[in-house]
**Student:** 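I'd like to ask you about the structure that follows.
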Amino acid sequence: QTKPVLASFAPAGGTKTIKSPSINKPALPNVVILATGGTIAGAAASGTQAGYTSGQVTIDAMVDAVPDAKKLANIKGEQISNVGSQDMSFEIMLKLANRINELTKSGTDGVVITHGTDTMEETAYFLNLVVKTDKPVVLVGSMRPSTAMSADGPLNLYNAISVAADPEAKNHGVMLVMNDWIHSAQSFVKVSTTAVQTFMSPMRGIMGTSNYGKNEFYRVPHKKFGNKSEFSVDGVKTLPRVDIVYGYVDMDGEMIDAAVKNKAKGIVIAGLGNGNMTKAALEAVKRATKKGVVVVRSTRVGTGDVGRDVEIKDAEYGTIASHELNPQKSRILLTLALLKNRKPEDLQRLFEEY
Ligand SMILES: NC(=O)CC[C@H](N)C(=O)O
């Protein structure tokens, strides 16, 4: 195995307390960084190598690479996990949510979460629904590993800390700060596999900007989150199974039937256009909903609202329309919704309010 050359972040050491020279100055806000892994903590053997391993650099080394951040806040780091976010799990998300709820009840003014970009949408939206605070909670990642030429991690981290430390960032729900933009967890999506400018909020636009730690906010999220959210993971250990089935030309109902057979409590269809699907798929959906499995119609299209009863009569098939939520975010909302027994009207309401 090649030993990583760390150009942008200092080499990974053991766990140590991050020394902040300003720790006793009460004027600085207290920010805790919860590290989970991802490219921002990734390392390769050279600065121009496309392949690399996620989750190699510790939180201490990442903070050491942005010494100026210590002028923005008293910073403490905690390593929650160190995985590529393709291996993010509900177990880690629950750990994160519980830790954020604990921290924000005590002396912490803001929380930053370092995370891989692949499943950033899911973790951010999950936390947006279950953290109970009006304090800033900010996810951050990078597209280039710490060893790359022009690595984007250090400045992204600096900006994320500046947002977490900013009193103006309160009451904006869970945010993502990357490449100078501040997004709402509800609205952002990953649009490029490799480009630094990978996150967009195509339906609602960004919430603000963060430019070398100077922040501007243009809007607040339009949907419910945080203290106003009815969801809670207090005491929750496991979550119900929800599968996603992708729609395509000539689709039959077999994958939907398989999800039911595998005991999914919910199925999200990444449908065609406005949440449409073939007649064969619709018949399988009817079989599923008759058995009490909740089926949400979302879309494989990148933007747009999946409306109720446009081409498919939802009451006839027992389906729920996802509105603005893409399949992966619909799955998060449905998973949390299914912690309780709910009627179809109530489930449809959730997809309008969150
Ligand atoms: N740019 C990234 O963070 C993607 C790398 C990795 N697959 C992850 O999500 O952790």
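Just follow the structure's listing: the first ligand is 1, and inside any ligand the first atom is 1.
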**Student:** Between ligand 1 and S54, can you find any atom pair, the residue atom being a heavy atom, that is separated by under 4.0 Å?
**Tutor:** yes
**Student:** Is there a polar contact, in the sense of an N or O pair closer than 3.5 Å, between T119 and ligand 1?
**Tutor:** no
**Student:** Can you find a side-chain donor-acceptor pair between T39 and Y52 that sits under 3.5 Å?
**Tutor:** yes
**Student:** Can you tell me how the ring of F217 sits relative to the ring of H172, calling it parallel under 30°, perpendicular over 60° and tilted otherwise?
**Tutor:** tilted
**Student:** Near S142, which atoms of ligand 1 are under 4.0 Å from a heavy atom of that residue?
**Tutor:** 1 (N), 2 (C), 3 (O)
**Student:** Using a 4.0 Å cutoff against the non-hydrogen atoms of G84, which atoms of ligand 1 qualify?
**Tutor:** 10 (O)
**Student:** Suppose I only count heavy atoms of M143 and a 4.0 Å limit; which atoms of ligand 1 are within that range?
**Tutor:** 1 (N)
**Student:** Who's the nearest protein heavy-atom neighbour of atom 5 (C) of ligand 1, and how far?
**Tutor:** T39 OG1, 2.8 Å
**Student:** Scan N179, D166, N215 and name whichever one has a side-chain hydrogen bond (donor to acceptor under 3.5 Å, both in side chains) with S210.
**Tutor:** N215
**Student:** Classify the angle between the aromatic ring planes of F90 and F126 as parallel (below 30°), tilted (30 to 60°) or perpendicular (above 60°).
**Tutor:** tilted
**Student:** Around atom 8 (C) of ligand 1, find the nearest protein heavy atom and jot down its residue, atom name and distance.
**Tutor:** S85 N, 3.2 Å
**Student:** Please confirm whether the backbone N or O of K132 pairs with a side-chain atom of K105, one donor and one acceptor, at under 3.5 Å?
**Tutor:** no
**Student:** Can you sort out which atoms of ligand 1 are near G116, meaning under 4.0 Å from one of its heavy atoms?
**Tutor:** 3 (O), 8 (C), 9 (O), 10 (O)
**Student:** Is any side-chain N of the basic residue among E352 and R349 closer than 4.0 Å to the acidic one's carboxylate O?
**Tutor:** no
**Student:** I need the nearest protein heavy-atom contact for atom 7 (N) of ligand 1: residue, atom name and distance, please.
**Tutor:** D118 OD2, 2.6 Å
**Student:** Between ligand 1 and Q86, is the shortest N or O to N or O distance under 3.5 Å?
**Tutor:** yes
**Student:** Is a salt bridge present between K135 and E168, judged by a nitrogen-to-oxygen distance below 4.0 Å?
**Tutor:** no
**Student:** Give yes or no for whether the N/O distance cutoff of 3.5 Å, strictly under, is met between K190 and ligand 1.
**Tutor:** no
**Student:** Consider ligand 1: state whether an atom of it lies below 4.0 angstrom from any non-hydrogen atom of G37.
**Tutor:** no
**Student:** Does the side chain of I161 come within less than 4.5 Å of I33's, by heavy atoms?
**Tutor:** yes
